Engineer: 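What follows is a single structure, and I will ask about it in a moment.
Because only heavy atoms are used, hydrogens play no part in the values below, and waters and symmetry mates are left out as well, while side chains stay in. It should be emphasised that the depicted structure is a prediction, and the values quoted were computed from it without experimental measurement.
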Amino acid sequence: MEAFWVLIKYIILGLLQGFTEPIPISSSGHLVIVRELFGIGIDGLSFEIMVNFGSLIAVLVIYRKDIYRLVENGIRYITTRANDAKSDFQFVMFLILATIPTGIIGLLFEDFIERQLGGRVVVVGVALLITGAALWIIRNLRGNKGEGSITVLDAIIVGLAQSVALVPGISRSGATIVAAMLVGMKTETALRFSFLLYIPVSLGITMLSAGDLIGGDSELSAVAIPSILAFAAAIIATYYSLRWFMNVMARGNLKYFAYYCFAVGVLVILFL
């Protein structure tokens, strides 16, 4: 019976992580809430690394055509200076530039944030209210900047916004999309920039933490099957959640996520 419960727990958390990762309600915050409400939690970094990698795979699948085009045209511009490839080359450079603030701030302050704020449910509640307010502010914005109109400053601002998501309860996708739309990006451009920016960050986390998966977590082998199922659950949940969120963004219905963040944030502060 205990083995069955472990299996169910891993699948539930994999689905939760996968579903909440793409949408602007904070996957890390929801994991803290679920742990507080139901006592469902998994110690160690290995689980988080695996489900994060599952979400990354789903994003890579959805944006595979964009990635292929950007890589192909980026290389073509470097080798031939073709004018029709310049915009894609610049877009890649802006993604790299936006990744730098997250990497620097993460290396400098991640341990401090984890010690002071990690696992504290009241922090999640306040952060969800902040996320909701940010989403409410941009709910009616319709920018005019396409991929070819992004500037260096735009990329830095979005990268700094992504760094704020180190705080549990601040949504990574929400922070980057809000920042992108505030600097004037079109909805579609903001969405694409946000999730293509997720790729190097997630890949970096996975690579830096690979030791925990290879040999650092002595308990991983004991839960190999539950971990694999959680990994698969995260891929599936992220894929369908992101597809759904893309449709929501196209219809301009971000206000509903703001309502959700307000409601959950208030309930968490009052009752947890």
Side-chain angles (χ1 to χ4, degrees), residues 9-38 40-60 62 102 106 110 113-114 117-121 123-132 134-135 161-178 191 194-206 209 227 229-246 248-249 254 256-258 260-261 263-265 267-268 272:
K9 179 172 69 171
Y10 271 71
I11 292 173
I12 289 173
L13 292 177
L15 288 171
L16 178 67
Q17 160 69 26
F19 180 75
T20 56
E21 180 62 50
I23 58 180
I25 60 172
S26 177
S27 60
S28 61
H30 276 71
L31 289 175
V32 172
I33 293 170
V34 167
R35 186 180 294 114
E36 183 71 17
L37 274 175
F38 305 109
I40 300 177
I42 296 173
D43 296 328
L45 289 173
S46 297
F47 175 80
E48 294 183 21
I49 296 166
M50 287 191 69
V51 293
N52 176 75
F53 188 56
S55 293
L56 172 61
I57 290 175
V59 172
L60 289 171
I62 289 175
T102 306
E110 185 175 15
I113 292 172
E114 181 62 29
L117 305 178
R120 296 181 60 184
V121 72
V123 172
V124 172
V126 173
L128 283 172
L129 294 179
I130 294 171
T131 296
L135 292 171
Q162 182 170 245
S163 305
V164 179
L166 290 169
V167 178
I170 299 293
S171 165
R172 190 215 66 86
S173 63
T176 52
I177 288 171
V178 166
L191 186 68
S194 172
F195 284 100
L196 290 176
L197 183 59
Y198 171 75
I199 293 170
V201 172
S202 179
L203 192 60
I205 292 171
T206 302
S209 305
S227 296
L229 290 176
F231 173 71
I235 295 174
I236 295 168
T238 300
Y239 180 87
Y240 286 104
S241 178
L242 179 50
R243 285 292 189 193
W244 171 64
F245 183 52
M246 292 167 78
V248 172
M249 283 284 290
L254 279 174
Y256 296 111
F257 292 107
Y260 177 86
C261 289
V264 175
L267 289 173
V268 165
L272 292 181

Engineer: Quick one: list whatever passes side chain to side chain donor-acceptor pair (under 3.5 Å) with S27, sequence neighbours left out.
Structural biologist: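 By the side chain to side chain donor-acceptor pair (under 3.5 Å) rule, S27 matches E21.
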Engineer: Run the side-chain contact (heavy atoms from CB on, under 4.5 Å) test against L191 and tell me which residues pass, sequence neighbours left out.
Structural biologist: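 Residues passing side-chain contact (heavy atoms from CB on, under 4.5 Å) with L191: Y63, I177, F195, F245, M246, M249.
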Engineer: Shortest non-hydrogen contact from S171 to P24?
Structural biologist: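 That closest heavy-atom pairing would be OG-CA, 3.0 Å.
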Engineer: What distance do L13 atom CG and R35 atom CZ have between them, rounded to the nearest 0.5 Å?
Structural biologist: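 Interatomic distance, L13 CG to R35 CZ, rounded to 0.5 Å: 8.0 Å.
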Engineer: Please report the closest heavy-atom contact between A161 and A175, naming both atoms and the distance.
Structural biologist: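 Taking every non-hydrogen atom into account, O-CB, 3.4 Å.
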Engineer: Students often mix this up, so state it plainly: with edges at 30° and 60°, are the rings of F257 and W244 parallel, tilted or perpendicular?
Structural biologist: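 Aromatic pair F257/W244 classed perpendicular.
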Engineer: Which heavy atom of Q17 sits nearest a heavy atom of N52, and at what distance?
Structural biologist: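 Closest pair (atom of Q17, atom of N52, distance): NE2-CA, 4.4 Å.
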Engineer: Could you tell me the separation between the CD1 atom of I33 and the OG atom of S26, rounded to the nearest 0.5 Å?
Structural biologist: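 Interatomic distance, I33 CD1 to S26 OG, rounded to 0.5 Å: 7.5 Å.
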Engineer: How long is the straight-line distance from CG of L203 back to OH of Y198, given to the nearest 0.5 Å?
Structural biologist: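 Taking OH in Y198 and CG in L203, the distance rounds to 10.5 Å.
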Engineer: What residues, two or more places apart in sequence or in another chain, satisfy side chain to side chain donor-acceptor pair (under 3.5 Å) together with S194?
Structural biologist: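 In terms of side chain to side chain donor-acceptor pair (under 3.5 Å), with neighbours along the sequence ignored, S194 is linked to R172, T176.
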Engineer: Which pair of heavy atoms, one from A127 and one from P168, lies closest together, and at what distance?
Structural biologist: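 In terms of heavy atoms, the two residues are closest at CB-O, 3.5 Å.
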Engineer: With sequence neighbours left out, what residues match I236 under side-chain contact (heavy atoms from CB on, under 4.5 Å)?
Structural biologist: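 Testing I236 for side-chain contact (heavy atoms from CB on, under 4.5 Å), a comparison that skips the adjacent residues, returns Y240.
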Engineer: By side-chain contact (heavy atoms from CB on, under 4.5 Å), which residues pair with L166, not counting sequence neighbours?
Structural biologist: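 Expected list: I105, I113.
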Engineer: So, taking the atom named CG in L267 and the one named CG in L128, what distance separates them when rounded to the nearest 0.5 Å?
Structural biologist: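 Reported value, rounded in 0.5 Å steps: 10.5 Å.
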Engineer: Starting at CD1 of I62, measure out to OG1 of T238 and round the result to the nearest 0.5 Å.
Structural biologist: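 Output value for this atom pair is 8.5 Å.
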Engineer: Has S173 got a side-chain atom pairing as donor or acceptor with P22's backbone, closer than 3.5 angstrom?
Structural biologist: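 Looks like yes, one N/O pair under 3.5 Å.
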Engineer: Excluding sequence neighbours, so at least two apart, what forms side chain to side chain donor-acceptor pair (under 3.5 Å) with S241?
Structural biologist: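 S241 satisfies side chain to side chain donor-acceptor pair (under 3.5 Å) with no residue once adjacent residues are dropped.
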Engineer: Testing the basics here: between I235 and G54, what is the closest heavy-atom pair and its distance to 0.1 Å?
Structural biologist: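 What the structure gives for the nearest pair is CG1-O, 3.3 Å.
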Engineer: Excluding sequence neighbours, so at least two apart, what forms side-chain contact (heavy atoms from CB on, under 4.5 Å) with A258?
Structural biologist: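 L135, W136, F262.
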Engineer: Quick check against the 3.5 Å criterion: does T131 have a side-chain atom that pairs as donor or acceptor with the backbone of G169?
Structural biologist: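 The answer is yes, because a donor-acceptor pair under 3.5 Å joins these two groups.
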Engineer: Starting at CD1 of I170, measure out to CD1 of I25 and round the result to the nearest 0.5 Å.
Structural biologist: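 The CD1 atom of I25 is 13.5 Å from CD1 of I170, to the nearest 0.5 Å.
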